[in-house]
Amino acid sequence: MLNHKEILDLRGKHLGPSLSVSYDEPLHIVRGEAQYLFDAKGNRYLDCVNNIQHVGHCHPKVVEAAQQQYKKLNTNTRYLDETIVNYAKELTATMPDGLDVCFFTNSGSEANDLALLMARNFTNSKETIVLKGAYHGNLSSLIEISPYKHNGPGGSGTPDHVHVISIPGPYRGKYKGAEWSEQYVQEVQNAIAEIQSTGKNVSAFIVEALMGCGGQLLLPKGFLKESFAKVKNAGGVCIADEIQIGFGRMGSHFWGFESEGTIPDIVTMGKSMGNGHPLSAVVTTREMAESFNNGMEYFNSFGGNPVSCAVGQAVLNVIKEEDLQENALAVGSYLLERLKKLQMQHNLIGEVRGRGLFIGIELIKDDAPAAAEARTMVNQMKDKGLLLSTDGPDHNVIKIKPPMVFNKENADELVKKLDEIMTKK
Ligand code: PMP
């Protein structure tokens, strides 16, 4: 077995240098089980951040489903196959009526790229509205619409077809006061007017109902519903990116957009969908799907293959069997409350926010984003056996989005260790 240093050296030689590694002293994880990870020395870590391993690391039912299907058959979606149609039926049954057509893909980025392609086909336009700080994927089409990337290091700025709305945070956002939600909606209206003034149509508004890379940000009440209405009214397509927040993580609802009381035209999902297996999808209306049936076939070599669909089906089953959405609501609300109490004891915590098992702790020092402190805390927590990471445009938000089997004892341990670290400072 290679040791720590040998692996690092080989990474240096053979992996692209733009790929970072987590923590100042990188971890060599060799095994996972439920909400726990184990390193090569046998140390156990509580995983508080891996939202991809949705039903828990190496869930036996998911592993079994993949193994069984792999033994039997793995082909593509051009053959008749029971697994794919049953899975598509069950997946769309979790959605509001009308969202009932699936396109299977292999990553969140592929799903979002396909969603953009559909919107562009439907509207005959590329003009896209996005939120500042948003991240929607690693393909070139998505870096273009992701201010998190194109306005960050190495980026080349916002392209002309992309229209950016201010990041709508109540704490450090642009607008405050009773009317702050309307002011952000007004920005969407202004973007629509700007697009139309050049004689073009709105193509799409793509948004997460609760922003992930944007810093675990809740949208202002009514914002999504009203801005979707404005975009639809202008003939544009509303896309809900559920890649981080879907599949019950919100606790109150299965899908994030539902918790905002609105229905998009297209939903994209990935990450948790396959519990780590590369599986993602676009779900849309019959109308949108028919318009996309324009003669150019959409075929994806791996998307929706029988193994992927068996895995996806097992994940859906486990969410239901183990009441994981209900767990996200109960444990998430408990953790949020405990973290809000912690905030009262530590000035470094500017805001605690979130929904279900999707929570952010924004650190502020001397009225400025405390990125260095956030980084130090995440490293110290790792040394205490708890895995977290930072995000947000200023990298000062500690994000909490654990596997959905996270329990109250885990929440207590997390709060206790955070308290210890902040008390020592
Ligand atoms: N959308 C959102 C909201 C994401 O958080 C991510 C991944 N962090 C993506 C899209 C891209 O997904 P993937 O890495 O699977 O391509």
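Just so you know, these numbers come straight off a predicted model, no measurement behind them. Note: hydrogens, waters and symmetry copies are ignored here, and every other heavy atom, side chains too, is used. Both counts, for ligands and for their atoms, begin at 1 and track the order of listing.
Across all non-hydrogen atoms, the minimal contact from Ala111 to Val282 is O-CG2, 3.2 Å. The two residues Ile52 and Lys271 have their closest heavy-atom pair at CG2-O, 3.7 Å.
Of the protein's non-hydrogen atoms, Asp241 OD2, 2.8 Å is the one closest to atom 1 (N) of ligand 1. The protein atom (non-hydrogen) at minimum distance from atom 11 (C) of ligand 1 is Ser109 OG, 3.6 Å.
Checking only distances, Gly108 does come within under 3.5 Å of ligand 1, N or O to N or O. Of the N or O atoms in Gln244, one or more lie within a sub-3.5 Å distance of an N or O in ligand 1.
Using bins of under 30°, 30° to 60° and over 60° for the plane-to-plane angle, the ring pair Tyr148/Tyr135 lands in the tilted bin. Relative orientation of the Tyr184 and Trp180 rings is perpendicular, given thresholds of 30° and 60° on the angle between their planes.
Annotation for ligand 1: atoms under 4.0 Å from non-hydrogen atoms of Ser107 are 15 (O), 16 (O). Near Asn112, meaning under 4.0 Å from any of its heavy atoms, are these atoms of ligand 1: 1 (N), 10 (C).
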Next on the checklist: Between Glu187 and Lys174, is the salt bridge (Lys or Arg N to Asp or Glu O under 4.0 Å) condition met? List the steps.
Outcome noted: CA-CA 11 Å; Glu187 283 204 22; Lys174 184 168 170 188; 3.4 Å; yes

Item to check | Working for salt bridge (Lys or Arg N to Asp or Glu O under 4.0 Å), residues Arg31 and Asp39 | outcome: CA-CA 7 Å; Arg31 191 168 72 82; Asp39 71 10; over 6 Å; no

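Side-chain atoms of Glu90 and Gln313 form a donor-acceptor pair, as typed in the model, at a separation below 3.5 Å.
Considering Lys271, His136, Glu208 only, the shortest heavy-atom separation from atom 10 (C) of ligand 1 involves His136. Summarising the contacts of atom 9 (C) of ligand 1 with Ile206, Thr268, Leu210, Ile243, the nearest heavy atom is found in Ile243.
Contacts between Leu142 and ligand 1 below 4.0 angstrom, taking non-hydrogen atoms only, are absent altogether.
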